[in-house]
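This report concerns only the one structure given below.
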Amino acid sequence: MKIGLLTIHRTANYGAVLQTFASKVFLSKYGLVDIIDYSNEHLVKNISLLRFSFSLHGIKMFLHDLLRLPFRAVLVFRFSSFFNEYYNLTKKVKSDDLLNGELDFYDAYVCGSDQIWNPDIVSAFGKIDKNYFLYFSPRDSLKLSFASSIGHHVYNDFEKKEILNLLHDFRLITVRERDGVSQLQTFLENKEIYHVLDPTLMLSMDDWLKELSVSEILKFKKKKYILVYSVPRSDLLAKAVDFFRKKFNLEVIALDPMLFPLSKSDKHIMTAGPKQFIELFYNATFVVTDSFHGTCFSIVFNKPFASISSGKRSNRVTSLLNSLNIKNRFVKTEDDFPDIDATMDYSLITEKLAYSRKQIEQIFDQAFLQ
C-alpha cells in the first residue's frame, strides 16, 4: 500500500519535525509512506534563514534572525539535513498542484498530527487550509486523520459547516486532545471521533534511540543538569527555573534557539538539530518546560519534570497529563513549585502508554485492513 502523509513537516520546530518522523514510522507498518512536501505559504517561511512579514512582529523576527544569523544558519542546516536523512519526501507541491492531481496515486491519505486543523496556525488570515483535510485526494481513496489537533481554537458556525463537508468521507478521525474530540463531536454527530496519543508518544524510548541511531552526548553523559525547553517563553517558567536550580543544586542547560534564553542558564544551546534535541532530553536529570512536546519527550525518556502552564494554550498538556494520571506535574502558579519532586515512578505510566499504543494500533489496523 502507498500512503501519503500530510502534516506540518518543513519547519525549524522540534515538535513538528519529530511528530512527522514518528508518524512516518508508525504508519510504515501499513505500507510505504511518503511525506507530502506541501508548501503552505504561511508556514514555509519558518525554515528560512531570515523570516520576514509586513507586520511589527515580522520586522522584529527579521531583525532577531539577522542578529543571530550564524547560529540560525547552523540550526536551519541541521533541520534540513534531518529532512534529507529521515523524511521520505515527495516533490515540492503547492495547493494548485495538489488540486490538479499531481499526487493522486496513493492508496491512502493521512493528515496529522500537529495543529493542522487550527486556522490560526496554518494561515496568516485565520482561515482553514482545506489541504490539511485532504480536500485534494481522489474520491475513492482511503482517508484518515492521525492525532490531528485543533489546539485551543474554537470553531465558529461557518467553520463547522466547512469542516463537516471536509470530513464526511473520512474512514477514521482521530485527534490529539480530549476537548478536540468534544468540539468535533458537537457537529459531527454521525462520526466516531477517537482521542489518541501524539505520534511522538507512539514510539518508546528504545524506539527513538534505535530509529534515530542516537548516541549519548559524551560531554553531558556524567554531568547532571536541568534541561529547560520553552516555546511560549512564559514568565512563570523563568521563575520555575530559578526555583528548581536552587532546590536541586544542578547546572541549567537552556535549549533555546532565541538569541537570549528566557531564564538564567549555565549553558545556552541555540543550534541543536532534532537529533541533538533527543540526546539532550535523554541525558537530562530534570526537565522544566512549557512546551507540549517538551512534556511528551520528558515522558518518553522517563524524566522527572515540571510542565509549566502557558495559559489557554495548555489544553494539549493538561489533556495528556490527565490521561496518564500525572496532572500533579502541571504547574499553574508559583505555589505549585514545592510540590514537584526530583523523582518519578514511571512503572504505571509505562503501562498506560503501552495499553494506549495497543488500542491505537487496533483502531488503525481496522481502518487500513477493513
Side-chain angles (χ1 to χ4, degrees), residues 2-13 15-17 19-24 26-27 31-48 53 83 87-151 153 155-156 158-176 180 183-184 187-188 191 193 198-199 367:
K2 290 185 176 181
I3 302 170
L5 170 63
L6 182 60
T7 184
I8 298 173
H9 68 290
R10 191 179 282 277
T11 177
N13 177 284
V17 169
Q19 68 80 18
T20 298
F21 174 76
S23 297
K24 188 199 79 168
F26 171 72
L27 293 169
L32 178 63
V33 180
D34 288 342
I35 296 169
I36 296 174
D37 199 3
Y38 169 48
S39 294
N40 173 293
E41 293 181 2
H42 177 61
L43 296 174
V44 71
K45 66 178 183 291
N46 291 326
I47 197 65
S48 302
S53 61
F83 303 158
Y87 282 1
N88 189 29
L89 290 167
T90 67
K91 64 180 181 179
K92 287 187 179 181
V93 288
K94 294 185 177 181
S95 186
D96 288 344
D97 300 321
L98 291 171
L99 291 174
N100 288 334
E102 293 199 20
L103 294 179
D104 64 355
F105 47 79
Y106 290 102
D107 303 302
Y109 293 82
V110 181
C111 58
S113 164
D114 224 339
Q115 297 187 63
I116 58 170
W117 291 353
N118 183 347
D120 298 325
I121 294 294
V122 299
S123 168
F125 309 103
K127 293 184 177 181
I128 288 170
D129 186 332
K130 293 182 180 181
N131 292 312
Y132 289 120
F133 289 84
L134 307 177
Y135 179 70
F136 61 90
S137 60
R139 286 184 176 274
D140 58 348
S141 61
L142 173 60
K143 293 196 279 190
L144 311 95
S145 78
F146 180 27
S148 301
S149 175
I150 305 167
H153 183 79
Y155 292 130
N156 59 39
F158 176 81
E159 290 169 336
K160 290 177 181 178
K161 291 178 181 178
E162 188 173 15
I163 292 169
L164 181 62
N165 291 327
L166 289 168
L167 292 178
H168 82 279
D169 58 349
F170 270 61
R171 181 177 293 180
L172 177 65
I173 302 172
T174 69
V175 296
R176 196 172 61 181
Q183 185 175 177
L184 289 175
F187 60 94
L188 294 172
K191 291 280 189 179
I193 316 296
D198 183 82

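Side chains included, hydrogens not; waters and symmetry mates left out as well; all remaining heavy atoms used.
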Would you confirm whether [X], through its side chain, and [Y], through its main-chain N or O, come within 3.5 Å as a donor-acceptor pair?
{"X": "Ser141", "Y": "Ser137", "value": "no"}
{"X": "Ser149", "Y": "Gln115", "value": "no"}
{"X": "Ser148", "Y": "Ser145", "value": "no"}
{"X": "Glu159", "Y": "Asn156", "value": "yes"}

Could you check if a side-chain atom of [X] sits within less than 4.5 angstrom of a side-chain atom of [Y], using non-hydrogen atoms only?
{"X": "Val33", "Y": "Val110", "result": "no"}
{"X": "Thr11", "Y": "Phe83", "result": "no"}
{"X": "Pro199", "Y": "Phe146", "result": "yes"}

Would you give me the side-chain donor-acceptor pairs under 3.5 Å for residues 119-128, sequence neighbours excluded?
residue, atom, partner, partner atom, Å
Asp120, OD2, His153, ND1, 3.0
Ser123, OG, Phe125, N, 3.0
Ser123, OG, Gly126, N, 3.3
Ser123, OG, Lys127, N, 3.2

| request: Step by step, work out the side-chain contact (heavy atoms from CB on, under 4.5 Å) result for Ile193 and Leu188. | output: CA-CA 8 Å; Ile193 316 296; Leu188 294 172; 4.0 Å; yes

Within this structure, what is the [atom1]-[atom2] distance for the pair [X] and [Y], rounded to the nearest 0.5 Å?
{"X": "Tyr109", "Y": "Asn131", "atom1": "OH", "atom2": "CG", "value": "12.0 Å"}
{"X": "Ile8", "Y": "Cys111", "atom1": "CD1", "atom2": "SG", "value": "11.5 Å"}
{"X": "Asp107", "Y": "Ile3", "atom1": "CG", "atom2": "CD1", "value": "8.5 Å"}
{"X": "Lys91", "Y": "Leu103", "atom1": "NZ", "atom2": "CG", "value": "6.5 Å"}
{"X": "Lys130", "Y": "Ile163", "atom1": "NZ", "atom2": "CD1", "value": "11.5 Å"}
{"X": "Arg10", "Y": "Leu43", "atom1": "CZ", "atom2": "CG", "value": "12.5 Å"}

| request: Apply the ring-ring contact (aromatic ring centres under 6.0 Å, His included) test between Tyr38 and each candidate in Tyr132, Tyr135, Phe136; give the one that qualifies. | output: Tyr132

| query | How far apart are the C-alpha atoms of Leu6 and Ile116, what are their side-chain angles, what is the distance that settles it, and do they pass the side-chain contact (heavy atoms from CB on, under 4.5 Å) test? | reply | CA-CA 9 Å; Leu6 182 60; Ile116 58 170; over 6 Å; no

| task | With sequence neighbours excluded, tell me which residues meet side-chain hydrogen bond (donor to acceptor under 3.5 Å, both in side chains) with Asp34. | result | Asn88, Tyr106

| request: Tell me, please, which residues at least two apart from Asp169 pass side-chain hydrogen bond (donor to acceptor under 3.5 Å, both in side chains). | output: Lys143

| task | Quick one: do Asp198 and Ser113 satisfy side-chain contact (heavy atoms from CB on, under 4.5 Å)? Show the steps, please. | result | CA-CA 7 Å; Asp198 183 82; Ser113 164; 3.5 Å; yes

Would you name the heavy atoms of [X] and [Y] that are closest together and state the gap between them?
{"X": "Leu5", "Y": "Ser23", "result": "CD2-CB, 3.8 Å"}
{"X": "Ala16", "Y": "Thr20", "result": "O-OG1, 2.8 Å"}
{"X": "Val175", "Y": "Gly180", "result": "CG2-C, 4.1 Å"}

| task | Apply side-chain contact (heavy atoms from CB on, under 4.5 Å) to the pair Thr90 and Ile35, showing each step before the final yes or no. | result | CA-CA 6 Å; Thr90 67; Ile35 296 169; over 6 Å; no

| request: Apply the test ring pair (Phe, Tyr, Trp, His ring centres under 6.0 Å) to residues Phe133 and Phe170: give CA-CA distance (whole Å), side-chain angles for both, the deciding distance (0.1 Å), then the verdict. | output: CA-CA 9 Å; Phe133 289 84; Phe170 270 61; 7.5 Å; no

Does atom [atom1] ([X]) have a neighbourhood of more than 12 heavy atoms from anything else shown, all under 6.0 Å?
{"X": "Lys2", "atom1": "NZ", "answer": "no"}
{"X": "Phe187", "atom1": "CZ", "answer": "yes"}
{"X": "Lys94", "atom1": "NZ", "answer": "no"}
{"X": "Lys191", "atom1": "NZ", "answer": "yes"}
{"X": "Glu41", "atom1": "CD", "answer": "no"}

[X] side chain to [Y] side chain, donor-acceptor N/O pair below 3.5 angstrom:
{"X": "Asn118", "Y": "Tyr155", "answer": "no"}
{"X": "Thr7", "Y": "Asp114", "answer": "no"}
{"X": "Asn13", "Y": "Asn46", "answer": "no"}

| task | Test Asp37 against Lys92 for salt bridge (Lys or Arg N to Asp or Glu O under 4.0 Å), laying out the working first. | result | CA-CA 5 Å; Asp37 199 3; Lys92 287 187 179 181; 5.3 Å; no

